[in-house]
Amino acid sequence: MEMNYTLVFDDVMIKQLKKAGKNQHIKEILTKMLDKLEFFGPDAGELLDSQLAVYEVKIKHPPIRLYFKHNKQTNEIYVFEFEIKTSPEKQKATIIKIKRKASGLKS
């Protein structure tokens with residue numbers, strides 16, 4: 001199968017992936033999520049902001065959310081970070097932070 005999208009990782013995400021590599025269960029879940037992103041691109045997630053093209057992919061057990069932005073011109077997916085959801089307040093703060101990062105990227 002051919003991969004349609006190229007993943008580009010944010011510095012925060014690279015640090016998180018290194019740390020997550022120590023936990024086999026989380027590593028497997030993230031690998032599946034990233035593979036899905038490579039094949040399906042923005043269709044793999046839920047749109048959070050249409051102007052910035054910011055999306056999230058989420059699973060319920062454990063409650064992991066992965067945030068990314070799609071660049072339509074280059075077909076690149078900018079992967080910002082993931083979090084294990086602990087509270088709605090933390091999630092809102094993370095989304096605001098992601099939107100700030102995404103607004104600094106060219107679309």
Side-chain angles (χ1 to χ4, degrees):
M1 248 186 199
E2 184 180 323
M3 293 183 196
N4 300 325
Y5 299 90
T6 303
L7 300 183
V8 179
F9 296 102
D10 181 83
D11 290 341
V12 173
M13 186 65 184
I14 291 171
K15 289 178 187 174
Q16 286 183 316
L17 287 172
K18 287 179 182 177
K19 188 176 178 180
K22 297 173 185 172
N23 181 325
Q24 191 62 33
H25 182 64
I26 299 294
K27 181 180 174 183
E28 288 173 10
I29 290 169
L30 288 173
T31 300
K32 287 178 186 177
M33 291 173 89
L34 294 172
D35 286 346
K36 188 176 175 183
L37 265 181
E38 281 183 316
F39 288 107
F40 298 111
D43 293 336
E46 180 181 319
L47 184 65
L48 294 178
D49 188 308
S50 60
Q51 289 183 322
L52 297 174
V54 174
Y55 297 80
E56 84 174 343
V57 176
K58 58 186 172 181
I59 60 168
K60 293 184 180 186
H61 299 288
I64 295 177
R65 296 172 188 276
L66 178 76
Y67 300 96
F68 66 95
K69 174 181 173 65
H70 177 225
N71 184 325
K72 292 178 184 174
Q73 287 129 354
T74 61
N75 245 9
E76 291 179 327
I77 301 289
Y78 298 101
V79 183
F80 295 115
E81 65 183 84
F82 75 91
E83 73 176 352
I84 296 177
K85 184 181 174 197
T86 55
S87 70
E89 294 80 21
K90 180 181 174 188
Q91 183 183 1
K92 286 178 187 176
T94 301
I95 291 171
I96 290 168
K97 182 172 66 172
I98 297 299
K99 286 181 180 181
R100 283 191 197 126
K101 283 184 185 181
S103 65
L105 292 173
K106 294 180 183 177
S107 293

Closest approach of [X] to [Y] (non-hydrogen atoms, all atoms of both residues):
| X | Y | answer |
| --- | --- | --- |
| P62 | H25 | CD-NE2, 3.8 Å |
| A20 | I26 | CB-CG2, 4.0 Å |
| V54 | A102 | CG2-CB, 3.4 Å |
| A44 | V57 | O-CG2, 3.7 Å |

Exceeds 12 heavy-atom contacts within 6.0 angstrom, atom NZ of K15: no
K36 atom NZ, over 12 foreign heavy atoms within 6.0 Å: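 Counting neighbours around NZ of K36, 12 or fewer heavy atoms of other residues, nucleotides or ligands fall under 6.0 Å, so no.
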Please report the interatomic distance [atom1]([X]) to [atom2]([Y]), rounded to the nearest 0.5 Å.
| X | Y | atom1 | atom2 | answer |
| --- | --- | --- | --- | --- |
| I98 | K69 | CD1 | NZ | 12.0 Å |
| R65 | Q91 | CZ | CD | 4.0 Å |
| Y67 | K58 | OH | NZ | 8.5 Å |
| E81 | Q16 | CD | CD | 5.0 Å |
| K92 | I95 | NZ | CD1 | 9.0 Å |
| M13 | F80 | CE | CZ | 11.5 Å |

Sequence neighbours excluded, every pair satisfying ring pair (Phe, Tyr, Trp, His ring centres under 6.0 Å) that has a member inside residues 40-63: Y55-F68
Worked verdict on T74 versus T6 for side chain to side chain contact (heavy atoms under 4.5 Å, CB included): CA-CA 9 Å; T74 61; T6 303; over 6 Å; no
Derivation of the side chain to side chain contact (heavy atoms under 4.5 Å, CB included) call for L66 and L34: CA-CA 9 Å; L66 178 76; L34 294 172; 4.0 Å; yes
T31 side chain reached by E28 side chain, heavy atoms, under 4.5 Å: no
Common cluster, L37/V12, ILVMFWY with side-chain heavy-atom separation under 4.5 Å: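 No, L37 and V12 fall in different hydrophobic clusters.
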Same apolar cluster (I L V M F W Y, side chains within < 4.5 Å links), I84/I59: yes
